[in-house]
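When a ligand or atom number is given, it counts from 1 through the structure's own listing order. All residue numbers refer to positions in the sequence shown, counting from 1.
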Amino acid sequence: MTPMTQLSPDRCANCQRVTVGADQQFCPACGQPTPAPRIDWPFLRQEMQQTVLQMERGLLYSLTHLMVRPGHLMRDYIEGRRASQVKPLPLLLTTAGVVVVLGTALLGGDVMGSAMPAGYDGAARVPTDGQAGAASVMTAFAAMKEWMNRHFAATTLLMLPLEAAAFRLAFWRVGDVNYPEWLVISTYLTAQTFVLWTIGMLLQTWIPQSQAWVLSLSIAYGVFSLVQYFQGYPRWKSVMRSVLGFAIFLLMNTALTFLLVPVVLLLTK
Ligand SMILES: [Zn+2]
């Protein structure tokens, strides 16, 4: 039988580092509480309460600030004031989850189609070389939409590097933001789009066209966020660069869609 070393009071149960004194509450090397309390009912109850409370508080904080003072929230995170926030990726995945659940409940699962600009559907209707060609392109679009609906989270994550690249390009040599930091900013902007999307879906029951406004509204919100982020930099320049960033991103999206159509056509044949 092995001795119960994990409950030893003079060593960290996690990394075996010797504790400094009786008043040490956390291991300085790995951050684990010292001594590690035994798992019993009171411990479990406390742990559950803390976890739920922390997540709720963090999520509520991040979501509110994301919609009220987004630029400042992003700058807080990037400059290291992170303790009161939920990390950007869990925030994005949570909001994406809400969009998927609501999309399934209210739109029958066609999450992507409801938000796609009219051009995507319109492009499929342009006669290429006769009815057969147009029909197969339409089928390819439908297949891609289907795939994106089923892999909504994956699609969202795949778009982040593109969005970050677009903004890195548009804000070249402004504010010393590196590519990984642009990834974080893009994550926030996408989460913001999902919040607006959620509101749009909820309002659609009463206002039929609310979904159509989500895309333009989220771009406007993104511009507002970036202007706030680059506080101190001339406002009109921030606006121009933000719009340029979104234009590059939309262009990349369109190019990618058209590049993927032949691939999907090949795969579905
Ligand atoms: Zn330790």
Side-chain angles (χ1 to χ4, degrees), residues 1-101 151-161 163-165 167-168 175-192 194-195 225 229 231:
M1 202 179 126
T2 47
M4 294 278 286
T5 45
Q6 81 254 41
L7 293 181
S8 155
D10 54 336
R11 274 179 189 278
C12 168
N14 188 49
C15 71
Q16 302 301 316
R17 185 191 161 112
V18 178
T19 49
V20 188
D23 57 340
Q24 179 188 302
Q25 291 188 332
F26 298 95
C27 172
C30 72
Q32 170 153 298
T34 49
R38 177 155 190 194
I39 297 169
D40 50 15
W41 286 114
F43 173 82
L44 220 58
R45 197 177 50 231
Q46 204 191 345
E47 190 84 337
M48 286 256 300
Q49 271 175 351
Q50 263 178 12
T51 309
V52 171
L53 261 179
Q54 259 170 21
M55 272 196 45
E56 259 177 14
R57 253 188 229 139
L59 209 63
L60 201 71
Y61 177 94
S62 292
L63 280 176
T64 322
H65 288 240
L66 186 66
M67 300 322 280
V68 176
R69 50 187 286 284
H72 300 304
L73 181 82
M74 295 171 198
R75 200 149 20 75
D76 278 352
Y77 192 82
I78 285 180
E79 289 176 357
R81 296 178 293 277
R82 295 168 194 161
S84 43
Q85 292 198 38
V86 163
K87 283 180 185 168
L89 202 54
L91 182 71
L92 177 63
L93 293 179
T94 310
T95 49
V98 173
V99 169
V100 169
V101 169
H151 305 89
F152 184 71
T155 309
T156 313
L157 290 176
L158 284 173
M159 293 300 178
L160 287 178
E163 190 171 358
F167 283 118
R168 175 92 175 91
D176 190 32
V177 183
N178 63 25
Y179 183 70
E181 285 167 342
W182 273 116
L183 273 176
V184 169
I185 295 175
S186 303
T187 305
Y188 277 116
L189 291 177
T190 309
Q192 199 176 60
F194 287 164
V195 173
S225 307
Y229 184 90
Q231 204 180 34

* Is any protein N, O or S atom closer than 2.8 Å to the Zn ion (ligand 1), and if so, which? ->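 Near the Zn ion (ligand 1), below 2.8 Å, one finds C12 SG, C15 SG, C27 SG, C30 SG.
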Is there side-chain contact between [X] and [Y], with at least one heavy-atom pair below 4.5 Å?
X: C15; Y: Q32; answer: no
X: K87; Y: T187; answer: no
X: Y188; Y: S62; answer: no
X: Y229; Y: I185; answer: yes

* Has the side chain of Q24 got a donor or acceptor atom that lies under 3.5 Å from a matching backbone atom of G21? ->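 Not a single qualifying donor-acceptor pair exists.
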Cut-off 3.5 Å, no hydrogens considered: what does the side-chain donor-acceptor table look like for residues 88-101, sequence neighbours left out?
unit_1	atom_1	unit_2	atom_2	d
T94	OG1	P90	O	2.6
T95	OG1	L91	O	3.1
T95	OG1	L92	O	2.8

